[in-house]
Amino acid sequence: MSKYFYIALTSIRSRLAYLGEIGSKTIFLFVVLYIFLCLWKVTYAETNQTSLGGLTLKQMLWYLVVTESIIMSLPTIATLVDQDVRTGALAMQLVRPLSYPLNMLAQTSGERVLSFALNFVVGSIIALMFVGPLDINFQGFAMFLMLLPLSFALDFTIYFLIGLAAFWLEDTTGLTLIYSRMTMILGGMLIPLELFPEGWQQILRVLPFSAIVYGPARAFVTGDLQLFLSVLIQQVVAILVFALVIRIVYNLALRRVFSHGG
Amino acid sequence: MENAVSAVQLAKNFVLKKRDGLRWTESEVKAVDGITLSIERGQSVAFIGPNGAGKSTTIKMLTGILHPSSGQATVLGCVPWKERTRLAKRIGVVFGQRSQLWYHLPPRDTFELLSKIYEIKKDVFLSQRDMLIERFQLAEFLDTPVRKLSLGQRMRAEVACSLLHSPEVIFLDEPTIGLDVIARQELRDLIREWNREKGVTVFLTSHDAGDIQHVAKRVVVINHGRVVLDDRVSRVRRQYLSEKVLSVKYADMPESIALEGVKTLKESGHAFRFEVDTLAIPIEKVMTEIMRIGSVVDITIEDPPLEEVIAHIYSAPPTATEEDEDEETGAEDE
């Protein structure tokens, strides 16, 4: 296992070469957070409410800091796998005593942790500037720290599967686009699930998207134990299901044509 | 002791889809069509063939990347596609067209990472690394990010990396592609050194006759997915040495030469290149005739280069299912 940990570390070191790119993303984060702060301010004022979907304006902005940091830290998992399959670079990976899926997981997770940390720090500074500190709830923070890695792992399994589709499809960018938008909208990136219509909420809570975005963010701002447990179960079950699907699809894929040059 | 590599009737078919109007038709392409081969430990074998002959496919099967359609193979006693991870620790693989180094990090970091991946003990790793750094002359660019290295430097680092875990067999798929003459020569010498001195079994594919000549003792030629020749490099050369190439420069236009066993390869101005089959005609007769037909300014006699020998072997017609072969080229080509 230690080798995968080392791969993740190496990936972080390698990623530091792209500090400029990460830096430019944080500017975007600033703009997005500012715009949504203004929108929510108006919404709270117009509806004359101090709490919407169980969150105060302050909590709402901190919720957005977490969801945006999760979404914006996404590495290009599907593209990497797609490229490896399409160009035959997968071969290079298979001649090592490594599992390709775990190697990919380690590599992209290293990248994601670094990117999330930067986004989160910048997002927190913005939130501190505009709405001040969140009433820090250590229980919530601990829950968040447990849910976040599982959220990344779950997100990884789905993108990895999309990447593997390159064995059968000409192009997987369409699938990536659809999935990423669904995560944003149905996962509650901009609007917490509580503000969706009743009927929708029931469905959204069992779909994997909310376990990736909404769950960790909500646990962070509220520290709600019930929510934490249900998200945890949802994450674990979803990861197991998708890992199983990966196992089946990956084994099928390995037996498939490898006529991609070289 | 078991062989380093042995393959029996190893075959790989690919399914090729073609669109015919709105309908897709599937046809099967035989990329590798029953290769039988055995390589003793410590041998150095050049595995050559034209593009699309099935070289890469064979290497991929022997390294466990590809599952064969039929046939058997063992590498160091392991069935590659069933025991891929176990085998991976005992073999080294270099694909000349792909990199295993981390693009943004210096080679030093890749060494470090590989030592973890291959679970090499710290002290073994350090001594092996330092030895490779010295022999491959990596010291000057060990801390330079790989993206800033020249191709020659990068390939030296690539090969050194693949030797870090002291593999027993090393597969090199076109390791010298794109390198300049000196870089190529250096790399060949190093590969040969590892083979002769450390006893590493070398399995090399290349399109460069020099690689074959300098590194390998045995050559296996495959074409159309089959072994068409398997012999010592020296013997292959000798067999074709019955042919000589004569370059002759005349003072002015000579009479035309018409002798059995003499072929005009090239003609430009008053200079000619003849190929002489010494089994059909003694060289002496040819020389006399050359002198007779005009006034000779300059003359050289050479053995045909290994490249031509190879070209000659490649051009031999396939023995079976010719239709399939063209398609195969498309599927396998780099």
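Everything numeric in this text was worked out from a predicted model, so none of it was measured. Note on naming: letters A, B, ... go to the chains in the order of the sequence lines (proteins, then strands), and numbering restarts at 1 for each one.
- Between atom CG of residue B:D109 and atom CG of residue A:L9 there is a gap of 11.0 Å, rounded to the nearest 0.5 Å.
- Interatomic distance, OG of A:S99 versus CZ of B:R84, reported as 7.5 Å (0.5 Å rounding).
- In this structure, the portions of A:I7 lying under 4.5 Å from any heavy atom of chain B include both its backbone and its side chain.
- The shortest heavy-atom contact between B:A88 and A:V95 is CB-O, 3.4 Å.
- Going from atom CG of A:N251 over to atom NE2 of B:H67 covers 8.0 Å, rounded to the nearest 0.5 Å.
- Heavy atoms only, all atoms of each residue included: A:P97 and B:Y118 are closest at CD-CE2, 3.2 Å.
- Note that CG of B:L113 is 9.0 Å distant from CZ of A:R13, once rounded to the nearest 0.5 Å.
- The interface of residues 162-171 of chain B with chain A, defined by heavy-atom distances below 4.5 Å, is empty.
- For A:S73, the side-chain hydrogen bond (donor to acceptor under 3.5 Å, both in side chains) partners two or more places apart in sequence, or in a different chain, are A:R112.
- Between A:R96 and B:Q100, the shortest heavy-atom distance links the atoms NH2-CB, 3.0 Å.
- With a 4.5 angstrom heavy-atom cutoff, B:I59 does not touch chain A via any of its atoms.
- Heavy atoms of B:I117 lying under 4.5 Å from chain A belong to its backbone as well as its side chain.
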Evaluate side chain to side chain contact (heavy atoms under 4.5 Å, CB included) for A:F5 paired with B:K116, printing each intermediate quantity in order. CA-CA 10 Å; A:F5 182 70; B:K116 305 279 187 217; over 6 Å; no
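- With rounding to the nearest 0.5 Å, the separation of NZ in B:K60 from CG in A:L94 is 10.0 Å.
- Nearest approach of A:L98 to B:T85, heavy atoms of both residues: N-CG2, 4.0 Å.
- Heavy atoms of B:S99 lying under 4.5 Å from chain A belong exclusively to its backbone.
- Residue-environment remark: CE (A:M146) stays at or below the threshold of 12 foreign heavy atoms within 6.0 Å.
- Dense packing is recorded around CZ of B:R147, with more than 12 heavy atoms of other residues, nucleotides or ligands lying under 6.0 Å away.
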